[in-house]
Amino acid sequence: MAILIDKFARVLIQGITGRSGVQVTSELLNYGTKVVAGVTPGKGGQVVDTVPVFNSIQEAISKVGKIDVVMVYVPPYSAKDAVFEAINAKIPFIHIFVERIPILDTSKMLFEAKKQGIRILGPASVGIISPQEVKIGSIGGPDPNQVFAKGPIGVISRSGGMCSEIAMLISSSGLGQSTVVGIGGDLLIGTSFADLLLEFEQDIQTKAVVAFGEVGGRAEIEAANLIDEGQFTKPLLVYLAGRFAEKLPKDTNLGHAGAIVGMETTIEDKIKVLRQAGAIVLEDFTQIPTELKKVI
Amino acid sequence: MKLYEFEGHEILAKTGIQSPFFVVCESLDEVIQARKRLKFPIVAKVQTLYGRRGKSGGIKKINNQKQLIAFAKQMFGTRLQNEIVKYISVAQYVDIAQEYYISITYDTKLKMPVLVYSDYGGMDIDEVKKTDPDKILRIGIDPIVGPNQKEISKVFKNNTSIAQFILRLWDVFSRFDCRLVEVNPLAKVTNELMAVDAKIILDDSALSRHKDLEVMPKGAISAIPTDREVMAGKIDEDDYRGSAGTTFIELDGDIAVLASGGGASLLLMDSLIAAGGRAANYTEYSGNPPAEKVQKLTEITLSKSGISGCIVAGAVANFTDIYETLTGFVLGLVKIKPKPKYPIVVRRGGPRQPEAYKMLEKFARTKNFDIHLLGPEIPISEASKKIVELSQEYKKIYGNSN
């Protein structure tokens with residue numbers, strides 16, 4: 001089992017001929033993901049690794065058939081057009097790897113996708129991996145098995161690096177992951193922390209979820225609400241990073257575009273609300289495996 | 001990027017939103033000159049980004065030249081909530097019949113722009129939220145077509161000028177890629193609406209498509225950026241591949257930080273403080289930047305004097321080429337004068353990390369640098385402890401300053 005995608009998903013990569021596009025194509029093929037087509041306007045007819053390149057998504061569909069997932073690997077200012085092309089082609093799942101997309105462009109994509117019932121993961125999402133099943137995006141890089149192992153723990157983080165970091169801690173303690181999802185660092189993202197908890201609740205492989213929270217936004221508050229409402233009943237462990245920044249002036253922007261000091265809520269509020277809801281808020285990041293073993 | 005009030009008014013004016021006449025001054029002399037273009041009473045306002053200017057005495061109604069000179073003398077160069085006052089705006093005083101609060105920003109839960117309105121203008125909106133939450137109206141905006149005019153005119157049926165104002169405000173918000181446009185108070189002045197204040201935050205990811213906007217460079221946590229903050233901010237300007245130095249915050253500690261990754265950078269800073277260290281800066285590179293970007297960021301970060309240690313750390317990378325980025329670090333390091341004698345702790349993992357460490361080990365040995373290499377099996381918190389210990393030893397030997 002895995003959440004969001006399965007190993008039968010047929011994937012198309014937009015921007016497949018770019019530096020990151022070429023790299024991710026081979027990584028995915030090696031992991032067994034079914035990359036069936038790529039798109040770069042003007043480069044139709046080329047081949048990346050073993051994947052045919054087309055000028056448009058429509059052309060790709062007419063040649064290779066149905067597409068389940070589109071991955072977007074284009075420059076930031078081209079992302080809006082690329083995503084709208086995927087939305088118009090009625091692709092049910094769009095993963096946006098691209099970082100630094102203007103927020104207005106993102107809000108337009110998310111608005112249209114929601115209207116049409118299309119799921120967007122990202123922007124600025126490293127991807128999804130269900131170890132030994134499938135992966136989407138650049139998560140795990142060329143050698144995911146060094147870090148990821150199959151098991152009962154769901155992992156959620158805005159940050160791609162922290163997805164791997166948490167997975168490595170879990171794997172080296174002898175546990176493994178059901179699905180690890182990088183939800184993206186931007187201010188507005190298509191699939192939230194709370195959306196994923198609902199998915200993990202339904203997944204029989206997942207026994208507990210670990211999330212890496214950051215300063216800014218109210219994602220953790222929404223998650224706590226789900227627990228309060230009884231919609232998420234499995235153990236939830238959260239580590240919150242960015243306490244150092246609470247002393248900085250309000251509106252200070254940190255590494256991720258969505259990590260904004262004092263925006264909507266503070267870390268203290270998040271800790272309080274999460275604890276009240278029954279989530280485990282960790283003080284020490286390295287305690288994740290020990291705490292997990294207590295609850296599963 | 002957060003703008004000064006006067007920069008905000010200039011942008012609002014582009015869509016026809018009026019503000020009381022004002023002149024921005026940088027010196028006492030300019031204030032005296034500006035005064036000749038206005039009639040008393042006037043309003044003098046310090047231009048700072050982060051303070052509550054009203055509450056801290058930075059905004060004052062002024063009735064004569066003597067008061068004005070006293071205010072300017074008192075304010076120029078002082079610190080208002082840790083921010084040095086460099087500009088004072090001298091504005092025409094207006095008789096306000098009624099005040100409103102109005103803003104457009106993004107709602108991260110609805111994932112769309114939202115209009116926020118309140119009849120309680122001129123007050124801190126966060127306070128209103130606490131005391132009278134039902135006095136705040138929130139209306140989601142379709143980002144593709146803009147505000148729903150039918151809905152807006154229905155909600156503001158007794159105040160058509162507000163309905164029109166909303167369209168102009170949306171025009172500013174969408175045309176200039178704002179993260180926030182806030183007018184508080186929006187004032188009714190003899191049947192006209194005027195923006196008496198203006199707060200605008202521009203979307204950093206869209207700045208390069210608004211090169212026509214004339215705004216001054218800003219620091220990460222203060223209005224006036226340090227040279228390092230300005231230089232770091234320029235690294236990504238014309239190259240979208242990966243990012244380096246997008247955020248560079250000058251801090252007052254002695255351990256230089258080159259973090260990698262948005263999430264890991266926060267974890268690193270928290271653990272550095274927990275270990276008793278004090279960071280000289282916060283900065284971060286990620287998304288597989290080319291070596292030259294990391295080189296530039298290294299040179300900028302280590303150009304500070306008084307550094308007693310440097311930590312280069314990130315989480316286990318997925319797609320960032322560690323050999324490439326650490327090569328950038330080495331290229332930057334060799335440019336630093338005088339040659340750093342302080343300890344350097346590197347904690348990385350991910351693609352080509354073993355090759356990168358082999359290269360670094362040889363580099364440190366042959367060029368005589370004190371580099372400590374920690375693999376991905378060592379937690380970031382341990383790496384933080386290590387650099388704090390090493391830098392303390394370094395300070396014992398060499399004192400607190402180079």
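Throughout, a chain's letter reflects where its sequence line sits, starting with A, and its residues are numbered from 1. The figures that follow rest on heavy atoms only: side chains count, while hydrogens, waters and symmetry mates do not. From a predicted model like this one, the values you see are computed outputs, not experimental measurements.
- Ranked by heavy-atom pairs shorter than 4.5 Å toward chain A, the options B:Arg241, B:Glu377, B:Lys2 are led by B:Lys2.
- Look at B:Asp107 and A:Arg218 and you find no salt bridge, because none of the NZ, NE, NH1 or NH2 atoms lies under 4.0 Å from a carboxylate O.
- Scanning all heavy atoms of the two residues, the minimum distance from A:Glu165 to B:Ala315 falls at OE1-CA, 3.1 Å.
- Among B:Asn288, B:Thr320, B:Thr283, the residue with the largest count of heavy-atom pairs under 4.5 Å with chain A is B:Asn288.
- Interface remark: of the candidates A:Leu188, A:Val126, A:Ile189, A:Leu188 forms the most heavy-atom pairs closer than 4.5 Å to chain B.
- The CD1 atom of A:Ile103 lies 4.0 Å from the CG atom of B:Asp203; values are rounded to the nearest 0.5 Å.
- Of the atoms belonging to B:Tyr282, it is side-chain heavy atoms, and not backbone ones, that fall under 4.5 Å from chain A.
- With a 4.5 angstrom heavy-atom cutoff, A:Thr286 touches chain B only via side-chain atoms.
- Ranked by heavy-atom pairs shorter than 4.5 Å toward chain B, the options A:Gly141, A:Ser107, A:Ala219 are led by A:Ser107.
- If you measure heavy-atom distances from A:Glu27 to chain B, you find no contacts under 4.5 Å at all.
- Looking at heavy atoms from C-beta onward, A:Asn253 lies in side-chain contact with B:Arg179 at the 4.5 angstrom threshold.
- From A:Lys108, atom NZ reaches atom OG of B:Ser174 across 7.0 Å, with rounding to the nearest 0.5 Å.
- In this structure, the separation between CG on A:Leu187 and OG on B:Ser205 is 10.0 Å, given to the nearest 0.5 Å.
- Expressed to the nearest 0.5 Å, how far CG of B:Asp270 lies from CZ of A:Arg243 amounts to 7.0 Å.
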Go through the steps to decide whether B:Leu110 and A:Phe111 satisfy the test side chain to side chain contact (heavy atoms under 4.5 Å, CB included), and finish with yes or no. CA-CA 9 Å; B:Leu110 297 174; A:Phe111 192 82; over 6 Å; no
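- Taking NZ of A:Lys115 as the reference point, atom CG of B:Asp142 lies at 5.5 Å (rounded to 0.5 Å).
- A:Ile129 does not touch chain B: none of its heavy atoms, backbone or side chain, sits under 4.5 Å away.
- The environment of OH in B:Tyr357 is crowded: more than 12 heavy-atom neighbours from other residues, nucleotides or ligands sit within 6.0 Å.
- With salt bridges taken as basic N to acidic carboxylate O contacts below 4.0 Å, one links B:Lys111 and A:Asp195.
- Closest non-hydrogen pair, B:Leu266 versus A:Phe244, comes out as CD2-CE2, 3.8 Å.
- Residue contact with chain B, scored on non-hydrogen atoms closer than 4.5 Å, involves the side chain of A:Leu110 exclusively.
- With a 4.5 angstrom heavy-atom cutoff, A:Met168 touches chain B only via side-chain atoms.
- No part of A:Leu169 comes within reach of chain B, as not one of its non-hydrogen atoms sits under 4.5 angstrom from that chain.
- Put simply, of A:Gln146, A:Glu112, A:Arg19, the one with the most heavy-atom pairs under 4.5 Å next to chain B is A:Arg19.
- Distance check: A:Leu248 CG to B:Met269 CE gives 8.0 Å after rounding to the nearest 0.5 Å.
- Side-chain contact check for B:Ile249 versus A:Leu254: some heavy-atom pair is nearer than 4.5 Å.
- No other option in B:Gly242, B:Gly287, B:Ala206 has as many heavy-atom pairs under 4.5 Å with chain A as B:Ala206.
- The contact between A:Phe84 and chain B is made entirely by side chain atoms (from C-beta outward), counting heavy-atom distances below 4.5 Å.
- Neither the backbone nor the side chain of B:Leu268 comes within contact range of chain A; no heavy atoms are under 4.5 Å apart.
- With no hydrogens or angles considered, a side-chain donor-acceptor pair links B:Asn318 and A:Ser164 at under 3.5 Å.
- Chosen from A:Phe212, A:Phe285, A:Phe97, A:Tyr77, the residue pairing most often with chain B at heavy-atom distances under 4.5 Å is A:Tyr77.
- Looking at every heavy atom in both residues, B:Asp204 comes nearest to A:Arg100 through O-NH2, 4.4 Å.
- A donor-acceptor pair under 3.5 Å is absent between the side-chain atoms of A:Tyr239 and the main chain of B:Leu267, judged by distance alone.
- With chain B as the partner, the residue from A:Gly258, A:Pro102, A:Ser159, A:Ala241 showing the most heavy-atom pairs under 4.5 Å is A:Pro102.
- Checked for salt-bridge contact, A:Lys250 and B:Asp126 meet the test: a charged N lies under 4.0 Å from a carboxylate O.
- Contacts with chain B were tallied for A:Gly217, A:Pro75, A:Pro142; A:Pro75 has the most, counting heavy-atom pairs under 4.5 Å.
- Looking at A:Asp105 and B:Arg209, a side-chain N of the basic residue comes within less than 4.0 Å of a carboxylate O on the acidic one, giving a salt bridge.
- In terms of non-hydrogen atom pairs under 4.5 Å with chain A, the most contact-rich of B:Ser243, B:Pro376, B:Ala279, B:Ser381 is B:Pro376.
- For A:Asp143, no part lies under 4.5 angstrom from a heavy atom of chain B.
- Residue A:Gln231 places its CD atom among more than 12 non-hydrogen atoms of other residues, nucleotides or ligands, all under 6.0 Å distant.
- Looking only at heavy-atom pairs under 4.5 Å with chain A, the residue among B:Pro379, B:Ser265, B:Gly314, B:Ala264 that has the most is B:Ala264.
- Minimum interatomic distance between A:Val147 and B:Val316 (heavy atoms only, all atoms of both residues): CG2-CG1, 3.8 Å.
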